[in-house]
Amino acid sequence: MEKRVRLRFAPSPTGGLHMGGVRTALFSYLFAKKHGGDFVLRIEDTDQTRYVNGAEEYIINSLKWCGIEPNEGVGFGDGPYAPYRQSERKELGIYKKYADQLLASGHAYIAFDTSEELDEMRKRLEAAKVVAPQYNAVTRQNMRNSLTLPENEVKKLIESGLPYVVRLKVPRNEEIRFHDIIRGWVTVNSSQVDDKVLLKSDGMPTYHLAHIVDDIEMKISHAVRGEEWLPSAPSHILIYRYLGLEHDMPKLAHLPLILKPDGNGKLSKRDKSGLPMFPLDWFDERTGEKYVGYRESGFTPDAFINMLALLGWNPGDNREIMSKEELISNFSFERVNKSGAKFDPEKTKWFNQQYLRMKTDEQLADAVIPLLEAKGIHKEKAFVVEFCRLIKEKAHFITEFFDLGSYFFISPNSYDEKVMTKKWNHESKELFTKLAVKFESISNWDSQTLHDCFQTAQTEIGKLDMQVLRVLTTGVAGGAQLFDLLALLGKEEVIARLNASLSIL
Ligand code: GLU
C-alpha cells in the first residue's frame with residue numbers, strides 16, 4: 001500500500017528563515033496539497049548552542065504570511081505525533097532508544113575523544129596530506145573509543161562519568177546507493193563518509209539521528225531539503241539500513257541551490273541586490289544585524305511565493321503568473337531542476353507589479369490603510385480606494401503608493417521649480433485667482449465638471465496652464481489624472497490649497 005503523503009518542514013531555530021528555507025517549505029506544501037496529504041512543521045532544536053530567541057516565532061509567522069500553513073506541528077496544532085519540538089522529544093527518550101539499538105547491533109560505538117584529541121587527529125592527518133581529515137573506519141583505530149579499548153575499560157570510563165558520544169560505525173569500502181526524486185540514483189563510496197556523531201555528550205541527538213527517528217515516527221513520506229544536505233545523505237541511508245527501516249524511509253528530494261543574480265555562487269542572506277532575503281523583517285539579536293522583509297518592502301505574499309516557486313521549478317510551459325491553487329495542481333518534483341536557480345531581482349519586482357495590477361482598488365486600499373495610519377494619516381476608506389485607483393499604474397509596491405501620491409494627503413509647501421520658472425509670469429497670479437473664484441461657484445464638484453470649468457475658463461479668463469494648476473494644488477509637476485485628483489480632494493481643500501499657494505507666490 002502507498003504511504004499517505006506526509007511532508008515536513010523541519011527548520012532549526014538558529015536564525016530568521018531566509019527565502020531558501022521558505023522555498024523548501026513551499027515545495028513541500030505544494031506537493032502535500034496536490035496529493036491531499038499533510039504538511040507538518042517540526043522544530044529541530046537539538047543544537048542548543050545555536051538556539052536563537054524569536055526564531056521559532058519568526059518561522060511560524062513567515063509561513064502564515066506566505067499562506068503556506070502546516071496542518072500539523074509547532075504553532076499549528078498538535079497532530080497525532082506530538083510533541084513536534086525535538087528538545088521535547090528528547091526528554092521522552094525517543095532518540096536514545098534508537099541509538100541503543102544501533103549500539104546493541106554493533107553499528108554504532110562509544111567515543112571518548114576530547115576536543116583536543118580530535119584537533120590533534122586533524123592536525124596529524126593534515127600533516128600527512130590527507131585532503132579531508134575525518135573520523136572514519138581507518139582513523140578511529142587510533143582513537144579512544146569502544147572499538148579500540150577493552151570492554152571493561154569502556155565500562156569503567158562510562159561509570160566514572162567521562163563524557164562520551166555515540167558514533168555511527170561506517171564500513172570501510174562499500175558502495176552506498178540511494179535514489180533522489182530530483183537527481184535520480186546517486187552512488188557514494190563509504191570511504192568518503194565519516195563516522196557521524198549520533199548522540200552528543202549531553203545526551204542530545206544530532207540532526208543525523210533525530211531527523212531519521214522523527215521522519216520514521218511521524219510517518220513522513222517525502223523528505224525535501226536543500227542541496228547542502230546531499231553529502232550527508234549516505235550516512236542517513238546507513239542509519240536507516242542498520243535500524244532495519246530502509247523500506248520505511250521517506251523518498252528523498254534535494255532541491256537545487258538558489259544562486260546570486262550573476263550565477264556566481266550561492267545566494268547569501270547578506271546579498272546586495274537590493275531586494276530582501278527574508279520574508280519578514282528580521283533582527284538577529286546575536287549579531288545586531290537587521291534584515292528587511294518582503295512583507296515590509298511592499299510585496300504581496302502571492303507574488304512572493306509565485307516567484308519562489310519558479311526558482312528551480314517550471315510548469316512545463318512558459319506560464320509565469322500562477323495562483324497558489326495553480327501551483328498546487330501543476331507541481332511535481334520531476335520538473336524541479338538539478339542545477340542551481342538564479343535569483344532575478346528585476347523579475348521579482350515584476351511579479352509584484354503583476355499581482356498589484358490584479359488586485360481590486362478595494363483590496364489595495366486594505367493594504368495601504370495600515371501604512372498610512374503608521375504615518376499618522378487617517379482617511380475614510382472610500383478616499384483611499386479612489387487614491388489607489390489613481391496611483392496604482394505607477395507602482396511596483398504597496399509601499400510606494402504613499403510616496404507616489406503623498407500630495408493626496410498633504411498640501412504643498414514647495415512648488416516644482418522647473419515648471420514655475422518656465423511657466424509662472426507676472427499675469428499668472430491674477431489669472432489663477434480668477435480661476436479659484438470660478439471653482440468656488442461649482443456646485444457639482446466632480447471630475448467632468450472641473451474639466452469643463454477649466455476649459456471655459458481658458459476662453460473667459462485667459463491662458464491658464466494646466467501643469468501650473470497641478471503645481472499650485474500638489475507642489476509637483478506630474479502625477480495622477482488632475483481633475484480626478486481635484487475631484488477627490490474636494491472643493492474646500494482645493495480652494496484652500498489654491499488660495500494658500502497664491503498668497504505666497
Ligand atoms: N534542520 C535541518 C535544517 O534546518 C533540516 C534538514 C532536513 O529537512 O532534513 O536545515
Side-chain angles (χ1 to χ4, degrees), residues 6-32 38-52 54-60 62-63 68 70 72-75 81 83-90 94-95 98 178 180-183 186 196-198 200 204-240 245 248-258 266-269 277-279 282 284 312 333 336:
R6 284 176 57 78
L7 284 87
R8 80 316 191 263
F9 179 49
S12 301
T14 54
L17 176 65
H18 56 81
M19 58 190 253
V22 179
R23 188 194 55 170
T24 303
L26 174 65
F27 284 15
S28 305
Y29 171 90
L30 295 177
F31 188 84
D38 300 320
F39 178 49
V40 180
L41 177 63
R42 182 170 76 220
I43 295 291
E44 301 204 327
D45 58 349
T46 56
D47 192 348
Q48 297 286 311
T49 58
R50 297 182 61 217
Y51 186 86
V52 171
E56 188 180 298
E57 205 188 335
Y58 181 88
I59 292 165
I60 294 169
S62 299
L63 295 178
I68 47 181
E72 186 181 317
V74 178
Y81 305 102
Y84 292 86
R85 235 179 242 107
Q86 288 185 331
S87 55
E88 291 171 40
R89 299 175 65 73
K90 181 246 170 189
I94 292 174
Y95 307 111
Y98 288 85
F178 62 95
D180 180 286
I181 324 175
I182 297 169
R183 287 148 211 280
V186 180
K196 291 242 174 326
V197 172
L198 302 175
K200 292 180 272 189
M204 269 289 188
T206 57
Y207 159 71
H208 305 292
L209 177 66
H211 90 278
I212 286 176
V213 169
D214 289 342
D215 281 353
I216 287 290
E217 296 221 342
M218 295 181 180
K219 301 210 175 350
I220 298 302
S221 61
H222 297 74
V224 181
R225 58 188 161 213
E227 184 176 319
E228 63 275 19
W229 291 108
L230 196 56
S232 37
S235 325
H236 304 159
I237 302 297
L238 292 179
I239 301 174
Y240 280 113
L245 294 169
D248 296 321
M249 68 175 271
K251 293 196 167 94
L252 300 178
H254 289 89
L255 303 181
L257 293 177
I258 302 181
K266 191 175 159 182
L267 188 69
S268 106
K269 63 180 179 186
M277 295 291 115
F278 287 82
W282 168 247
D284 190 325
F333 284 112
V336 174

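Each ligand, and each atom within it, is numbered from 1 in the order the structure gives.
- Near Pro11, meaning under 4.0 Å from any of its heavy atoms, are these atoms of ligand 1: 4 (O).
- The residue from Asp214, Asp47, Ile43 that alone fulfils the side-chain contact (heavy atoms from CB on, under 4.5 Å) condition with Gln86 is Asp214.
- Scanning the protein heavy atoms around atom 10 (O) of ligand 1, the nearest turns out to be Trp229 NE1, 3.2 Å.
- Scanning all protein heavy atoms for the shortest distance to atom 9 (O) of ligand 1 gives Tyr207 OH, 2.5 Å.
- Residue-level proximity to ligand 1 for Ser12 is carried by backbone and side chain together, each with a heavy atom below 4.0 angstrom.
- Between Arg183 and Glu227, at least one side-chain N (NZ, or NE/NH1/NH2) sits under 4.0 Å from a carboxylate O, which counts as a salt bridge.
- Taking atom 5 (C) of ligand 1 as the reference point, the nearest protein heavy-atom neighbour is Ala10 O, 3.1 Å.
- Inspection of the Tyr84 and Glu44 side chains reveals no N or O donor paired with an N or O acceptor under 3.5 Å.
- Ligand 1 does not have Glu228 within reach: every non-hydrogen atom of the residue lies 4.0 Å or more from it.
- Remark: Arg42 engages Asp215 in a salt bridge, criterion side-chain N to carboxylate O under 4.0 Å.
- Residues Glu72 and Arg8 are not paired through a salt bridge, judged by the lack of any N-O separation under 4.0 Å between the basic side chain and the carboxylate.
- Of all the atoms in ligand 1, the ones that sit under 4.0 Å from a non-hydrogen atom of Arg225 are 7 (C), 8 (O), 9 (O).
- At least one N or O atom of Arg8, backbone or side chain, sits closer than 3.5 Å to an N or O atom of ligand 1.
- With atom 1 (N) of ligand 1 as the reference point, the heavy atom nearest to it among Arg42, His211, Glu44 is part of Glu44.
- Closest approach of Ile212 to Ile239, counting heavy atoms only: CD1-CB, 3.7 Å.
- Between the side chains of His211 and Arg225, at least one donor N or O sits under 3.5 Å from an acceptor N or O.
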